[in-house]
Amino acid sequence: MNRKFLRKLYKALLILAAGLWLSLGQKGWAIPGFGQLPGHGVVANGVSGVSYNLTATNQATLTVSGPTAILWQSSGGTLNVTGSGPGFNIGQNATLTITGIGTAVFPVLNVDVTGNPSYIMGTLNAAAGTPVFVANGSGIIVGSGATITAVAGIGLLGYDLSGQASSFTGTVSVFPTTTGSFVTIQSGASISSGASILVAAPQVNIGIAAPGSITASGFFDVLSGYQFTGYTPSTGTYVTGPSPIAGSTGSITISGPSSGTYSSFRFVMSSGSITTNGNLILPGGVNTQWGTGNSSNLALGVLTNNGTLSFASYLTGVSKTGSIVKSTTGSIVNNGTILANGRDLIIAVGGSITNNPGATIDGGGHNVGLFTFGGGINNMGTISGFNGVSLQAVNPHHLGPYIFGSISNTGTINITDPHSSTTSSFLTIASYTGSVFLNGVVNTADPNGVSKAYFHTNTVGNFGMNMNANVTADNVLFIVHNLTGSGVLTASTVDLIVTGNVRNVVSPTNPLLNGFTINNGPFSSTSISIDAEGIAPQIINLHVNGNATIDSADTSTFVNKVLGLTNPVPNAGGNLLVNATGNLTVNGSVPSDYALS
């Protein structure tokens, strides 16, 4: 290969490299040089006494004498040192120290107005008297090798706060009209605050390599699609606390450590979605929010868990005043593991809950309660509670993927207490606006089952319970429309309050084969109370393996009024068939003030 050809090739490569660099710069993705420091700064709020000096190669100190806002531009400006580049960027081998004169507290707002993202790839230090904000409406990237130490607190805001610079006195605000893009903290970055940390942007992506990667002596807040006023990083306080921006679709992705668990959050709030990976503990109560940008359909906002997730306390982002339900949470899709955190695992959401195949919701030594107020529950994985599992759903506005708020189990439900039959153990599956599909497996560590089981469906319309899994319980209550399925119910006492039919049709010609199966199991006999409350003739067909005692509860044949019995009830003319392999005892009904049998 001759030298002339090599010179041409080298020249072509230089041109190509230059073209790529310019292209990346135009798109805002040019990574700063190893020793690059912030440059072209202009003090925006009229505060004098700002100095910016190089202290060593690739090291500079910014000194302020009062609350200071600086606009870091593409060119010009008065704040420059050797190694400065456009905007607020800190290269991999660079160190910027921000400090104040004396012992007073002098907050510093750094706003990058170049139109390109800010890169913090090296070291940013802020002294005890200088809370620091870095704001950039085009985005902020904290690199995997970056170190940020902010004794008095730090805010990383992917918003354009240039309009607040001239009046800056120490706090910042985000309004619905504040434009922004993203903040990304790459896994491996180290952020330490002796006060509080705020990360806020329309899109937030945080990687946490180890439990100690991001630490705050005060509070750590992560906000996306939320407005607030007057945030102070030294105290972690707001003049007006975070609230969702209507119509926004925030996005938060947090990837926790693979070893150990990260839990140092106060607020994790997204107006749209949250995605979690790795090992994390999110705040409970109303401090974890998502889907709130669309208050009329929170189910559209999804918390997707791909790792191992717990909540610091009960996740109860739903409140009810009379008939008004207010929620601060959307739907949950679990692809990983959700664990209890030293107490019962209680999750109440405004959307739906989906537990996908292979996923686990585990109370450990505690109970599990899942409640949806704007959707259904679909368990295709495993749900395990120690002494009880409660699944309850309602969807009055028919939103989300499970429009009727039905509950489906094709996975496994475990009650792990080996003595559950002798305690106040329970299994509750109740859809108040839809149906219940109890398939899959229901396991109880105690062969005698749980103390109480309660099943509820919408009792009006074409709803009901399809039970193909076996269930064992001492006392069982059904409040359903239709009840069917090939599962076997083993119980001592069964109360049936039904408005439709009870049977399991397998033969078009032999009704003796079409009974819903009830088994005595460890109990000597099963007491069955049948309260038929339909508005049309009903069919009740039961097959009992063993002995049974039945009564018709409040079932009536005529309407009972003050002057005596009048018209037949709407469900008159129905059929009752009880087929028992043992002894069958039939008792009368329970008289009441509105019905007699």
* Tell me, with the steps shown, if Leu198 and Leu223 meet side chain to side chain contact (heavy atoms under 4.5 Å, CB included). => CA-CA 8 Å; Leu198 170 64; Leu223 306 177; 3.9 Å; yes
* Asked: Does the pair Thr275 and Ile254 meet the rule for a side chain to side chain contact (heavy atoms under 4.5 Å, CB included), with working shown?
  -> CA-CA 6 Å; Thr275 301; Ile254 304 176; over 6 Å; no
* To do: Evaluate the side-chain proximity of Ile347 to Tyr314: yes if any heavy-atom separation is below 4.5 Å, no if none is.
  => no
* Which atoms form the tightest heavy-atom contact between Ala209 and Gly188, and what is the distance? -> CB-N, 3.6 Å
* Could you tell me whether Phe463 and Phe404 have their ring centroids closer than 6.0 angstrom? => yes
* To do: Evaluate the side-chain proximity of Phe516 to Met467: yes if any heavy-atom separation is below 4.5 Å, no if none is.
  => yes
* Asked: Looking at Val333, Leu282, Val349, which hits side chain to side chain contact (heavy atoms under 4.5 Å, CB included) with Leu303?
  -> Leu282
* What distance separates Asn470 CG from Thr472 OG1, expressed to the nearest 0.5 Å? -> 7.0 Å
* Asked: Do Asn355 and Asn334 pass the side chain to side chain donor-acceptor pair (under 3.5 Å) test, and can you show the C-alpha distance, the side-chain angles, and the key distance before you say yes or no?
  -> CA-CA 5 Å; Asn355 195 42; Asn334 182 35; 2.8 Å; yes
* **Step-by-step side chain to side chain donor-acceptor pair (under 3.5 Å) determination, Ser384 to Asp362** => CA-CA 5 Å; Ser384 298; Asp362 192 352; 4.6 Å; no
* **Over all atoms of both residues, closest heavy-atom pair of Thr412 and Asn379** => O-ND2, 3.3 Å
* Asked: Is the backbone N or O of Ser421 less than 3.5 Å from a side-chain atom of Asp474, with the two atoms forming a donor-acceptor pair by type?
  -> no
* Asked: With a 4.5 Å heavy-atom cut-off, do Phe455 and Leu438 have their side chains touching?
  -> yes
* Asked: Tell me, do Asp417 and Thr423 make a side-chain contact under 4.5 Å, heavy atoms counted?
  -> yes
* Examine distances only and state if a side-chain atom of Tyr262 and a backbone atom of Ile214 form a donor-acceptor pair shorter than 3.5 Å. => yes
* **NZ or CZ of Arg266 within 45° of Phe219 ring axis and under 6.0 Å** => yes
* **Nearest-0.5 Å distance, OG of residue Ser352 to CD1 of residue Ile377** => 8.5 Å
* **Shortest non-hydrogen contact between Val268 and Pro283, atoms and distance** => CG2-CD, 3.9 Å
* **Non-hydrogen side-chain atoms of Val498 and Asp531 separated by less than 4.5 Å** => no
* Asked: Can you find a pair of side-chain heavy atoms, one from Val389 and one from Thr428, that are under 4.5 Å apart?
  -> no
* Measuring from Ile429:CD1 to Asn409:CG, what's the distance to the nearest 0.5 Å? -> 6.5 Å
* Short question: side chain of Asn541, backbone of Arg503 - any donor-acceptor pair under 3.5 Å? -> no
* Of all the heavy-atom pairs spanning Gly521 and Thr490, show the shortest one and how long it is. => CA-CG2, 3.6 Å
* Asked: Which heavy-atom pair separates Ser251 from Ser270 by the least distance, and what is that distance?
  -> N-OG, 3.5 Å
* Asked: In this structure, which one of Glu533, His481, Gln538 forms a side chain to side chain donor-acceptor pair (under 3.5 Å) with Thr499?
  -> His481
* Check step by step if side chain to side chain contact (heavy atoms under 4.5 Å, CB included) holds for Phe478 and His456. => CA-CA 6 Å; Phe478 291 93; His456 193 126; over 6 Å; no
* To do: Determine, step by step, whether Thr354 and Asn378 satisfy the side chain to side chain donor-acceptor pair (under 3.5 Å) criterion, reporting the C-alpha distance in whole Å, the side-chain angles of both residues, the deciding distance to 0.1 Å, and the verdict.
  => CA-CA 5 Å; Thr354 301; Asn378 186 3; 5.3 Å; no
* To do: Keeping the roles fixed (side chain from Ser271, backbone from Tyr226), state whether a donor-acceptor pair exists under 3.5 Å.
  => no
* **Donor-acceptor under 3.5 Å (Ser248 side chain, Gly250 main chain)** => no
* Thr276/Asn305 under side chain to side chain donor-acceptor pair (under 3.5 Å): CA gap, chis, key distance, verdict -> CA-CA 5 Å; Thr276 56; Asn305 174 52; 2.9 Å; yes
* **Asp495 CG to Ser529 OG distance, which is reported to the nearest 0.5 Å** => 5.0 Å
* To do: Please determine, by modelled atom types, if Ser255 and Asn277 share a side-chain donor-acceptor pair under 3.5 angstrom.
  => yes
* OG1 of Thr329 to CG of Leu298: how many Å apart, nearest 0.5 Å? -> 7.0 Å
* Donor-acceptor pair, Ser331 side chain versus Ala299 backbone, under 3.5 Å? -> yes
* To do: Flag yes if more than 12 heavy atoms outside Asn510 fall under 6.0 Å of its CG atom; otherwise flag no.
  => yes
* Asked: Is it the case that Gln392 and Ser390 place a side-chain donor and acceptor less than 3.5 Å from each other?
  -> yes
* Rounded to the nearest 0.5 Å, how far does CG of Asn335 lie from CG of Asn306? -> 5.0 Å
* To do: Classify the side-chain pair Asn545/His543 by whether it contains a donor and acceptor separated by less than 3.5 Å.
  => yes
* Asked: For Asn468 and Ser486, does a side-chain donor sit closer than 3.5 Å to a side-chain acceptor?
  -> yes
* Asked: So, Ser213 side chain and Ala210 main chain: donor-acceptor pair closer than 3.5 Å or not?
  -> yes
* Backbone N/O of Ser507 and side chain of Asn514: donor-acceptor pair under 3.5 Å -> yes
* Checking side chain to side chain contact (heavy atoms under 4.5 Å, CB included) for the pair Thr493/Thr526: CA distance, chi angles, key distance, verdict? -> CA-CA 6 Å; Thr493 300; Thr526 301; over 6 Å; no
* Polar contact flag, side-chain donor to acceptor under 3.5 angstrom, Ser296-Asn294 -> yes
* Pairwise side-chain contact, Leu391 with Ile383, heavy-atom cut-off 4.5 Å (strictly under) -> yes
* Does the Asn395 side chain pair with the main chain of Thr433, one donor and one acceptor, at a distance under 3.5 Å? -> no
* Just wondering, do Ile550 and Leu542 contact through their side chains at under 4.5 Å, heavy atoms? -> no
* Asked: Mind checking whether Phe267 and Tyr238 have parallel, tilted or perpendicular rings, split at 30° and 60°?
  -> tilted
* **Modelled atom types, side-chain donor and acceptor of Asn387 and Asn367, under 3.5 Å** => no
* Taking Thr457 for the side chain and Val480 for the main chain, is one N or O donor matched with an acceptor at less than 3.5 Å? -> no
* Structure fact -> Of all heavy-atom pairs linking Ile185 and Ile191, the shortest is CD1-CD1, 3.8 Å
* Do other residues, nucleotides or ligands put more than 12 heavy atoms under 6.0 Å from the CG atom of Leu513? -> yes
